[in-house]
Amino acid sequence: MPIAAKFEIEYLQYLDADGKLVREDLPEFARDTKTMVELYKLMASTRVFDTKSIALQRTGKLGTYASCLGHEATHVGIGSAMKPEDVFAPSYREYGAQLYRGVRPRDVYMYWGGDERGNDYQNEPAKHDFAWSVPIGTQCLHAAGSALAFKIRNEKRVAVCTIGDGGSSKSDFYGAINVAGARDLPLVAAIVNNGWAISVPRRIQSGAKTLAQKGIAAGLACIQVDGNDIIAVRKAMSDAIERARRGEGGSVVECVTYRLGDHTTADDARRYRGKEEVEDAWKKDPLKRLRNWLEAQKAWDQKQEDAWQAQCSEWMDNEVNAYLETHAQPVTAMFDYTFAELPADLARQRDEAIALDKGAH
Amino acid sequence: MAAITLIEGVTQALAYEMKRDPSVVVLGEDVGVNGGVFRATQGLSEKFGEWRVFDTPLDETTIAGVTVGLAAQGMKPVCEAQFEGFIYPMMEHICCHAARMRNRTRGRITCPAVFRAPWGGGIHAPEHHSEANEHLFTNVPGLRVVLPSSPARAYGLLLAAIRDPDPVIFFEPKRIYRQYKEEVPDDGEALPLDVCFVLRDGTDITLVTWGAQVKESLEAADALAKDGISAEVIDLATLTPLDFGTIAESIAKTGRCVIVHEAPKTAGFGAEIAARIAEECLYDLLAPVVRVSGWDVHTPLYRLENKQLPSTARVVAAAKQTLAAG
Ligand SMILES: [Mg+2]
């Protein structure tokens with residue numbers, strides 16, 4: 001029988017679990033030791049940040065928090081592949097990408113600490129990115145809409161969204177890649193496949209052999225990469241982003257990583273997954289493998305590691321203190337951002353709330 | 001017989017009905033091995049297997065649409081939205097299909113499904129995990145909207161919801177999931193739907209409420225009693241179809257009414273109660289009806305959520321205002 005169409009999904013990896021090169025055609029950026037050290041430093045600081053966040057939650061100073069432990073290569077790889085003028089539409093744990101784009105740790109603490117000001121990113125380029133999106137996968141369509149805006153206005157910009165393995169089951173994800181494929185929109189959807197959607201494992205999330213191949217049905221370019229290898233993530237994301245920028249269409253990049261922690265601090269993963277699986281995953285730790293590689297090239301050593309850890313610790317302590325020094329917003333903050341101008345009917349409620357609040361003190 | 005919490009009342013009802021009726025299936029995200037993020041389906045997967053306690057892919061549209069299909073084929077699906085804030089993608093299937101299936105096929109196909117969701121604020125949860133959005137469903141014809149406020153009512157009303165031949169939205173006030181325990185016999189006795197519960201008799205004022213606000217309303221009644229004011233407290237339990245008779249009877253006696261709810265005020269379900277009182281009880285009223293509710297704002301993140309949730313003090317103040325009016 002004649003074949004109507006044929007597809008395959010490439011798998012990209014440069015560094016294996018031990019930090020040994022598995023292919024020689026290193027991309028330009030990876031030949032530059034300075035760049036690679038900078039990427040390593042951000043990955044390491046992301047982990048220090050994450051450890052602090054969990055400690056804050058455990059001591060009652062932060063609400064429910066979604067850890068990014070184990071995702072550092074994927075997240076930093078995505079963030080560092082983007083240009084400042086691009087737009088990022090994250091879900092809710094891509095701190096490595098966001099820190100790269102100027103979100104501050106204190107912003108993250110504010111958000112999970114129950115304060116909307118955490119969504120009000122102060123620094124460019126994060127200032128023009130979307131805020132965290134807890135309703136799963138919805139951000140994909142916002143990225144597609146952003147990509148459409150760039151196309152209509154003939155801007156050489158790209159919209160990047162991230163979703164989980166679970167998020168790639170959502171109608172919103174399918175809708176986003178579909179419209180991007182139908183109209184060649186500059187959209188790059190990075191699927192952060194960390195093996196679990198809370199308690200639901202990847203194997204019953206989708207019958208597809210790879211999640212990357214979902215993009216094929218939508219007419220997008222697709223690739224699967226080792227999400228714990230920052231060189232592979234950044235290379236695949238850069239290629240996809242620049243392809244989109246050239247007007248050649250969108251992509252789906254599946255980054256295969258592992259959620260080393262619980263889904264959030266409200267979750268207990270021991271209820272549904274075995275110890276061995278997690279122990280195995282630690283052997284593929286993205287930080288360790290990059291560090292091994294850098295050390296083998298004499299680009300990093302224990303002394304630098306200690307100094308950087310100390311510096312990160314101090315940085316995060318400052319951020320934690322900045323967060324802890326904030327007070328809850330006044331009761332009026334609930335009303336003041338509801339509309340551009342406060343409608344008279346709502347103004348009456350606002351007055352009532354102020355009076356009640358005064359009475360309560 | 002052990003005393004159980006409200007959420008254990010939910011689990012007990014699901015287990016009872018799944019054992020009694022093999023067509024009952026539970027589906028949703030993390031309802032299987034994990035037993036639900038609040039543990040409402042704890043132990044069911046072990047008892048009934050992975051096909052009757054079905055972990056779905058992560059897509060609310062899938063969950064709701066599959067639920068409609070199951071129900072149309074004679075199954076009794078009980079699906080879960082993990083939080084009420086994630087129910088919106090389900091609304092197309094609930095409103096366009098589940099609720100109107102009987103009507104549009106002139107009774108040929110029906111939809112005996114239950115859509116469960118933890119509901120409401122007050123637990124310091126992240127964004128989209130603390131909404132009060134029952135009023136978005138009370139305006140949909142063909143739907144029952146149920147909100148239990150005690151372990152016994154959770155058990156009895158969920159049994160009734162599953163057995164009901166039409167679709168039911170079953171919101172569970174998560175703030176009082178584990179507030180207290182009471183003895184609830186696991187006897188499979190359902191409570192009636194479409195009936196309000198008078199939780200406390202009174203003669204001076206009627207407090208009408210539902211969900212977690214039952215707690216503040218009962219506390220307010222206690223506080224008012226100390227001032228010699230006798231408050232009657234009515235828990236709607238089933239919002240639609242509404243048992244207005246119980247409210248009307250109470251107002252005929254008290255002549256005063258305060259409605260307490262967590263959702264925003266404008267077009268909240270309190271507006272419906274107030275309109276019915278205006279239509280049917282105006283000449284019994286001694287004072288204007290007052291609503292104590294959330295403001296017309298988005299559920300704030302948790303640092304401010306207590307400024308949005310009605311407090312006992314606000315209920316007491318509203319009751320006194322009503323009493324002073326006439
Ligand atoms: Mg996942």
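Letters A, B, ... are given to chains in the order of the sequence lines, protein chains preceding strands, and every chain is numbered from 1. Computed from a prediction, not measured in an experiment: that's the story for all the values here.
- Neither the backbone nor the side chain of A:Arg202 comes within contact range of chain B; no heavy atoms are under 4.5 Å apart.
- Chain B is approached within less than 4.5 Å, heavy atom to heavy atom, by A:Ala197, A:Ile198, A:Ser199, A:Val200 from residues 194-201 of chain A, ordered by number.
- Distance check: A:Leu346 CG to B:Thr266 OG1 gives 8.5 Å after rounding to the nearest 0.5 Å.
- For the 3.5 Å distance criterion, the side chains of B:Asp59 and A:Ser171 qualify, holding a donor opposite an acceptor.
- Remark: B:Glu60 engages A:Lys170 in a salt bridge, criterion side-chain N to carboxylate O under 4.0 Å.
- When atom types are taken as modelled, the side chain of B:Glu127 and the backbone of A:Val134 share no donor-acceptor pair closer than 3.5 angstrom.
- Contacts from residues 78-93 of chain B to chain A, taken as heavy-atom pairs separated by less than 4.5 Å, involve B:Gln82, B:Phe86, B:Pro89 in sequence order.
- Applying the salt bridge (Lys or Arg N to Asp or Glu O under 4.0 Å) test to residues at least two apart or on different chains, the pairs with a partner in residues 341-355 of chain A are A:Asp336-A:Arg350, A:Asp345-A:Arg348.
- The side-chain heavy atoms of B:Val33 and A:Arg271, taken from C-beta on, include no pair separated by under 4.5 Å.
- More than 12 heavy atoms of other residues, nucleotides or ligands sit less than 6.0 Å from atom CG of A:Asp268.
- Heavy atoms only, all atoms of each residue included: B:Leu58 and A:Gln205 are closest at N-OE1, 2.6 Å.
- The greatest number of non-hydrogen atom pairs below 4.5 Å with chain A, out of B:Arg39, B:Glu29, B:Glu305, B:His128, is found for B:Arg39.
- Within the 4.5 angstrom heavy-atom criterion, no atom of A:Ser133 approaches chain B.
- The distance from atom CG of A:Asp267 to atom CG of B:Asn34, rounded to the nearest 0.5 Å, is 6.0 Å.
- For A:Leu62, the part sitting under 4.5 Å from any heavy atom of chain B is the backbone (N, CA, C, O) and nothing else.
- Residue B:Leu304 comes nearest to A:Gln329 through the heavy atom pair CD2-O, 3.2 Å, listed as atom of the first residue, atom of the second, then distance.
- Taking both residues in full, the closest heavy atoms of A:Gln349 and B:Asp296 are given as OE1-N, 2.8 Å, listed atom of the first, atom of the second, then distance.
- Heavy-atom proximity under 4.5 angstrom to chain B picks out A:Met110, A:Tyr111, A:Trp112, A:Gly113, A:Gly114, A:Asp115 from residues 105-115 of chain A.
- The two residues B:Pro57 and A:Ile204 come nearest to each other via the heavy atoms CG-O, 4.2 Å.
- Listed options A:Tyr337, A:Phe335, A:Tyr272 were ranked by heavy-atom pairs under 4.5 angstrom with chain B; first place goes to A:Phe335.
- Between atom NZ of residue B:Lys307 and atom CE of residue A:Met334 there is a gap of 8.5 Å, rounded to the nearest 0.5 Å.
- Taking all atoms of both residues into account, the shortest heavy-atom contact from A:His327 to B:Arg303 is O-NH1, 3.5 Å.
- A heavy-atom distance below 4.5 Å is not found between the side chains of A:His263 and B:Val37.
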